[in-house]
There are 2 protein chains.
Amino acid sequence: MPLRMTNQRIIIFEELKKSRQHMTADELYGIVRKKMPKISLATVYRNLEVLSGTGVIAKLEVSGRQRHFDSDVAGHDHVTCVQCHKVENVLLEVIKEDCPSHGVMDGYIIKGRRLEFFGLCPQCQKKNRVMKGDKTMGCGCGCAKKELTDEQKKVLQAMADCVGPCAAKDIAAATGLDTKMVSGKIADLKKQGYVDSPERCKYGITAEGRTAMKG
Amino acid sequence: MPLRMTNQRIIIFEELKKSRQHMTADELYGIVRKKMPKISLATVYRNLEVLSGTGVIAKLEVSGRQRHFDSDVAGHDHVTCVQCHKVENVLLEVIKEDCPSHGVMDGYIIKGRRLEFFGLCPQCQKKNRVMKGDKTMGCGCGCAKKELTDEQKKVLQAMADCVGPCAAKDIAAATGLDTKMVSGKIADLKKQGYVDSPERCKYGITAEGRTAMKG
DNA sequence: TTAATAGTTGATAACTATTCCCATGTCAAG
DNA sequence: CTTGACATGGGAATAGTTATCAACTATTAA
């Protein structure tokens, strides 16, 4: 079963190597499409699978939603940013010795190991400082809050129109929405930091909420 | 925002603790349903999320398809079996010291770390030996080969009816299926070990293939 | 050179794990 | 008792990935 080096396979490999990053199938698809617009996403997945099977690239399967692929197959570990989900390399010589990636442990035949750190990347740390000052919602590191639904916007608008903190039923009356639905929405918005509750059962819109409403 | 201890929440927690294993939402759903048949899968997910938020259980997000939850929140690492995807604990005191789970590294503020080994569990090692001797397909460790499709079964049947090794087109003629489709199926079956190719372009059914066909 | 066969592709359907949605239900505080 | 916060069941929606298959291309044996 020879492995045929097709154009698409070559381009996928080259682009992954060129980027010097841990890419998802999707990101790579976006890049490869510039050179080969008709390529299929399935082809990208297939070839990443094939290439990682031969060992020329590494399949990371770092936890989180998407799988990442790495053209650097040498042994190194990873840091993931908990906020923007970027993945970067780290090299920890100390650990290598004490923590072998092959051998036997508790009856298991160990085939490999993965050491993964997670924390906040420098950009997201900076971004958090900026956000507290409410200068911008921009992130620069690929993470963004979800778009608000129409109902959520209505609720926020009603809250903004209110002078002081108001109850769920007031919002319901103002928007014409059902009271129960409104309180559900409020709970969601509170979780996202767009709404706060200065006193029990009374709610107000936050500065962040105002910004979100405009976007 | 008090956390209400509902019946479903209690049962989910109890069962997770009782099992002394790393369970997926789905497995837990199966167990909990025996005590509370009307519970919703969404409720299981929600509560695992809530409980891991409070820290009484741990959300593993070990790599691989499914997320696992653990009632033991103490710091320990994990081994995953690459074959049956079982997850078990390991304790490596040495590493703990050299590999802190909090601090700063390369500009990142580290919030945690995950060390994961992967290899073959003792059961799967044993199973592999048994399978070579063709005594049984049973695994005992939760891993099972996929069910064969009707076409695959047809192809295998035709191959079994054949005396010696036969070509794809013979199979096509015997089954009435398209030749190209047949060669695709054969390739798949070969990957799964149900078919081998004693000489180029000639195929035969393996012992394993015969067993699979019956099931 | 040619026919058979192996390997590959693009398009799209299917799948799986998880999350969202919302009407309805329950609890606790006033 | 009412109100609102918190929860639930069930189904729809989503995201990422995998499977399917007809069409295409390269390779090999004859």
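Any value given below was found using the heavy atoms of this structure, including those in side chains, with hydrogens, waters and symmetry copies removed. Not measured: the values here are computed from a predicted model.
Atom-to-atom distance recorded for B:I57:CD1 and B:F69:CZ is 6.0 Å, nearest 0.5 angstrom. Atom CG in B:D70 sits 13.5 Å away from atom NZ in B:K59 (nearest 0.5 Å).
Counting to the nearest Å, the C1' atom of D:dT17 and the CD atom of A:E27 are 15 Å from each other. Rounding to whole angstrom units, CG of residue A:D26 and P of D:dT18 are separated by 13 Å. For the pair A:K38 NZ and C:dA11 C1', the interatomic distance rounds to 9 Å; values are reported in whole Å. A:M36 places its CE atom 12 Å from the P atom of C:dA11, with the value rounded to the nearest Å. For the pair B:R4 CZ and D:dG4 P, the interatomic distance rounds to 15 Å; values are reported in whole Å. Between the CD1 atom of B:I39 and the C1' atom of D:dA7 there is a distance of 11 Å, rounded to whole Å. The separation between A:Y29 atom OH and D:dA15 atom C1' is 15 Å, rounded to whole Å.
Taking A:E14 as the reference, nothing meets the side-chain hydrogen bond (donor to acceptor under 3.5 Å, both in side chains) condition, with sequence neighbours excluded. Considering only residues two or more places apart in sequence or on other chains, B:T43 meets the side-chain hydrogen bond (donor to acceptor under 3.5 Å, both in side chains) condition with B:R46. The side-chain contact (heavy atoms from CB on, under 4.5 Å) test applied to A:Y45 returns A:A25, A:L41, not counting sequence neighbours.
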Tabulate below the donor-acceptor pairs under 3.5 Å that side-chain atoms of residues 27-37 of chain A make, not counting sequence neighbours, or state none.
unit_1 : atom_1 : unit_2 : atom_2 : d
A:E27  : OE1    : A:T24  : N      : 3.1
A:Y29  : OH     : A:R33  : NH1    : 3.3
A:K35  : NZ     : A:E15  : OE2    : 3.3

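Of the residues in residues 7-14 of chain A, those placing a heavy atom less than 4.0 Å from an atom of DNA chain C are A:Q8, A:R9, in numerical order. Taking every heavy atom of residues 41-51 of chain A and every atom of DNA chain D, pairs under 4.0 Å involve A:L41, A:A42, A:Y45, A:R46, by number.
Contact between the side-chain N/O atoms of A:T6 and the OP1/OP2 oxygens of C:dG7 is not found at any separation under 4.0 Å.
Contact of the A:R9 side chain with the A:L3 side chain is registered, since non-hydrogen atoms from C-beta on lie closer than 4.5 Å. Here the side chains of B:I12 and B:L16 are not in contact, with every heavy-atom distance at 4.5 Å or above. Counting only heavy atoms from C-beta outward, the side chains of A:I10 and A:M5 approach each other to under 4.5 Å.
Checking B:M5 against B:P37, the closest nucleotide of DNA chain D that is more toward the 5' end is the one next to B:M5.
Set against D:dT18, D:dG9, C:dT18, the side chain of A:R67 has D:dT18 as its closest nucleotide.
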